[in-house]
Amino acid sequence: MNIANWANIPNITNQITTGAPQAGFRCDPSAAVRASGTSVAPGTDISGIGTLKSLDEAARQGYREDYSIWDAADTLWRQETQTISLKDLEDPEKSKEFLENWRIQARWDLGIQGGGPTKEEVLSAYIQDLRQNGLSGEVDFRVLTREMNSFKATTPEELEDGLNYMASRYVAALDKLERHFSGEELASRRAELEEVYQAGKSGMIDGYTKLLQDNLGLSGSDAQAVRDSLSSILAEREDACRGALQQVHEAAAQTGPDSVWLKNHDAYIASQLRAAAAPGQSKAQYSVQDLTAAGKIAEDYRAEIDGASSCGRNEVTLALNLSMADMKAEAMISKGQVSGGMAALLRGSRAQGHANALAALDRALAQRESHRAAGEPKGTYAPVDSTVFRGIYDAVMGAYRQNGSDGAKAIQAGVSAAEKLTAQAAAGAPKAARWGVSMKHYLQEFYKTPAEEITLLGMQIKYLTNQKPGTSTYQKYVNSWQDFLTSTGGGVDIRA
């Protein structure tokens, strides 16, 4: 399809209704591969090369927001014109057409005006073609696999949307196959769909469980309970989508001439299922809300473990930061934002989570000690002093429980404890670089706003970039706590 010669095409944008598609496929999925802007020699396997967008973004385009039918056609057009088979890549004419289409699409993406047909002209004609010819009953398993694989590293913010997306895509794809095939053909395609979906489910469930287990220190039984909960929730979402199929098909049939192709656009049908299939009360041990909350805390723990692994943390900062994470957990528990079971899991895993962070720091210190620079005495990177960590952490959490859950005052209590405990640590390990003068300076400056050199250029930059004035270390903790309270107060969803 060479769009360079298209011109004077009637614009039919205003005739199109709205919907929320992801991806539909007219080309032969077994014969096409995705190409990128990278130059490719004829015959080269380019199936693993990414697009201009990141893989995840391209795979999940629009999965959390409504897309219009116009956007659906745009997605289809991109897939048809931005793919080329290895055999066709060796054909000079087809390669030239592909590259020309790719350049025009790039011009649109960059917002460059002129030099060819407009996007509105091209898509208007393309939609007319879809209305005449419709879409086949095939499912592009290559693209579906990429979509499913993109959820292996699901974040807490994405969890619920990801669960809904995977379930709806599976149900819509299976429904499409069952409407177009039978017998051995259906069995073969259904088996391939199951393989793709089960691999996607396992990737998502294992990835999210690993986030919690590695960072919160879950036991084996707790980790299995998380896996079972995610699996149960997915099954419930599948059932909800199946229950909404008839309603969605009836709605698609009311889209006028677009119904010809929308009914077989499995990703569009999936998007409508997500809108129509309201999940009921889950029977899973841990709800999506539970697992989202745990994921948020796990991310806080992961940041500390990663920092400790490079000596970017010490016992003081680990204690303050992990106590902040645990105060957040306690706040969510007290507000009833997690179930009793999840509250028990979060509290019960803390000791192991703390141990993981301290172990990471101890390994990093040992590594530094064994590779000391010339002139650094033995003991410059003394082993972890768990007494310092525990004393500060207990001071923070004790103050938090006693002062009416005031996170700011709790941090103050931790800093006060740190002054005494780090002085003791310095006496016990006088050559340790992190104690003595450096730690004393850190604690003395904890409440002070750093001095800034005031220049006209600096003021202009701050104004243009909306930068806040310098803040003390303490104020950063206070701001973080206030931001958390704002995000969880007044009924605001903790995923926001």
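Keep in mind that what you see is a predicted model, and the values were worked out from it rather than measured.
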J.: Before giving the answer on side chain to side chain contact (heavy atoms under 4.5 Å, CB included), spell out for Lys96 and Asp91 the whole-Å C-alpha distance, their side-chain angles and the decisive distance to 0.1 Å.
T.: CA-CA 8 Å; Lys96 180 180 178 181; Asp91 185 317; over 6 Å; no
J.: Can you check whether Arg227's main-chain N or O pairs, donor with acceptor, with Ser231's side chain at less than 3.5 Å?
T.: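 No; judged by distance alone, with no hydrogens or angles, the pair does not exist.
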J.: Quick one: list whatever passes side chain to side chain donor-acceptor pair (under 3.5 Å) with Asp206, sequence neighbours left out.
T.: none
J.: Is any NZ, NE, NH1 or NH2 atom of the basic residue among Arg190 and Glu194 found under 4.0 Å from an Asp or Glu carboxylate oxygen of the other?
T.: no
J.: Kindly compute the distance separating CG (Leu130) from CG (Leu123), expressed to the nearest 0.5 Å.
T.: 9.5 Å
J.: Which heavy-atom pair separates Tyr197 from Glu238 by the least distance, and what is that distance?
T.: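 What the structure gives for the nearest pair is OH-OE2, 2.6 Å.
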J.: Is there a donor-acceptor contact under 3.5 Å from the side chain of Glu121 to the main chain of Thr118?
T.: yes
J.: What class does the angle between the rings of Phe151 and Tyr165 fall in, given that below 30° is parallel, 30 to 60° is tilted and above 60° is perpendicular?
T.: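 If you compare the ring of Phe151 with that of Tyr165, the planes turn out tilted.
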J.: Are any of the side-chain heavy atoms of Trp70 and Glu120 separated by less than 4.5 Å?
T.: yes
J.: Take Gln285 and Asp228 through the test side chain to side chain contact (heavy atoms under 4.5 Å, CB included) and record every step on the way to the result.
T.: CA-CA 8 Å; Gln285 181 174 349; Asp228 292 344; over 6 Å; no
J.: Would you find a donor on one side and an acceptor on the other, under 3.5 Å apart, between the side chain of Thr255 and the backbone of Ser259?
T.: yes
J.: Tell me every residue that passes side chain to side chain donor-acceptor pair (under 3.5 Å) with Lys263, counting only those two or more places apart in sequence or in another chain.
T.: none
J.: Before accepting this row, confirm whether a basic side-chain N of the pair Lys119/Asp74 lies closer than 4.0 Å to the acidic partner's carboxylate O.
T.: yes
J.: Closer than 3.5 angstrom, by distance alone: can the side chain of Ser202 be matched with the main-chain N or O of Gln198 as a donor-acceptor pair?
T.: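 Flag set: sc Ser202 to bb Gln198 pair under 3.5 Å.
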J.: Tell me the side-chain hydrogen bond (donor to acceptor under 3.5 Å, both in side chains) pairs involving residues 180-189, sequence neighbours left out?
T.: Glu138-Arg189, His180-Asn264
J.: Within the structure provided, determine whether Ile297 and Leu212 are in side-chain contact (heavy-atom separation under 4.5 Å).
T.: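 Ile297 vs Leu212: side chains apart.
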J.: Kindly indicate whether the side chain of Leu163, heavy atoms from C-beta on, has any atom under 4.5 Å from the side chain of Met204.
T.: yes
J.: Applying salt bridge (charged side-chain N to carboxylate O under 4.0 Å, His left out), name anything that partners Glu192, two or more places apart in sequence or on another chain.
T.: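 With neighbours one apart ignored, the set is empty.
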J.: Quick check: closest heavy atoms across Ala252 and Ile269, and the distance to 0.1 Å?
T.: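 Smallest heavy-atom distance, with atoms named: CB-CD1, 4.3 Å.
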J.: Considering all heavy atoms of both residues, which atom of Cys241 and which atom of Leu273 are nearest to each other, and what is their separation?
T.: O-CD2, 3.4 Å
J.: For Ser219, give me all partners under side chain to side chain donor-acceptor pair (under 3.5 Å), at least two apart in sequence or on another chain.
T.: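 So Ser219 forms a side chain to side chain donor-acceptor pair (under 3.5 Å) with Ser221, Asp222.
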J.: Can a donor-acceptor pair be found, under 3.5 Å and without considering hydrogens, that links the side chain of Ser349 to the backbone of Leu216?
T.: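 Checked: pair present.
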J.: I'd like to check the side chain to side chain donor-acceptor pair (under 3.5 Å) partners of Tyr208; sequence neighbours left out, ordered by chain and number.
T.: none
J.: How close do Arg274 and Ser168 get, heavy atom to heavy atom, and via which atoms?
T.: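 Smallest interatomic distance, heavy atoms only, reads NH1-OG, 2.8 Å.
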J.: Looking at Tyr286, is its backbone amide N or carbonyl O close enough to the side chain of Ser229 to form a donor-acceptor pair, meaning the two atoms are under 3.5 Å apart?
T.: yes
J.: When you measure from the side chain of Thr209 to the backbone N and O of Ile205, does any donor-acceptor pair fall under 3.5 Å?
T.: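 Pair found, side chain donor or acceptor close to backbone of Ile205.
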J.: Which heavy-atom pair separates Ala153 from Glu158 by the least distance, and what is that distance?
T.: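 It is O-OE1, 4.2 Å.
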J.: Could you go through the side chain to side chain donor-acceptor pair (under 3.5 Å) check for Gln246 and Glu250 one step at a time?
T.: CA-CA 6 Å; Gln246 182 176 349; Glu250 289 174 353; 3.1 Å; yes
J.: Which label fits Trp481 and Tyr400: parallel for a plane angle under 30°, tilted from 30 to 60°, or perpendicular past 60°?
T.: perpendicular
J.: Among Arg401, Lys335, Arg347, which residue satisfies the salt bridge (charged side-chain N to carboxylate O under 4.0 Å, His left out) criterion with Glu330?
T.: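 Answer to the salt bridge (charged side-chain N to carboxylate O under 4.0 Å, His left out) test with Glu330 among Arg401, Lys335, Arg347: Arg347.
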J.: Check the pair Glu160, Thr292 against side chain to side chain contact (heavy atoms under 4.5 Å, CB included), reporting the backbone distance first and the verdict last.
T.: CA-CA 8 Å; Glu160 182 158 23; Thr292 298; 5.5 Å; no
J.: Just verifying a value: how many Å separate Gln213 CD and Leu218 CG, rounded to the nearest 0.5 Å?
T.: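 Reported to 0.5 Å precision, the distance equals 6.0 Å.
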J.: Heavy atoms, side chains only, cut-off 4.5 Å: are Tyr170 and Arg237 in contact?
T.: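 Counting from C-beta outward, Tyr170 and Arg237 never come under 4.5 Å.
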J.: Rounded to the nearest 0.5 Å, what's the gap from CD1 on Ile69 to CG on Leu76? Could you check?
T.: 11.5 Å
J.: Short question: side chain of Asn479, backbone of Lys476 - any donor-acceptor pair under 3.5 Å?
T.: no
J.: Salt-bridge test for Glu147 and Arg169: reply yes if a basic N is under 4.0 Å from a carboxylate O, no otherwise.
T.: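 Judged by the 4.0 Å cut-off on N to carboxylate O distance, Glu147 and Arg169 do form a salt bridge.
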J.: Please find the pair of heavy atoms, one from Ser480 and one from Lys328, that lie closest to each other, and give the distance.
T.: OG-NZ, 4.2 Å
J.: Under a 4.0 Å N-O cut-off, is there an ion pair linking Lys296 with Asp300?
T.: no
J.: Would you say the side-chain atoms of Asn321 pair up with the backbone N or O of Thr317, donor to acceptor, closer than 3.5 Å?
T.: yes
J.: Nearest 0.5 Å, what's the OG1-CD distance between Thr145 and Glu195?
T.: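 It is 8.0 Å, given to the nearest 0.5 Å.
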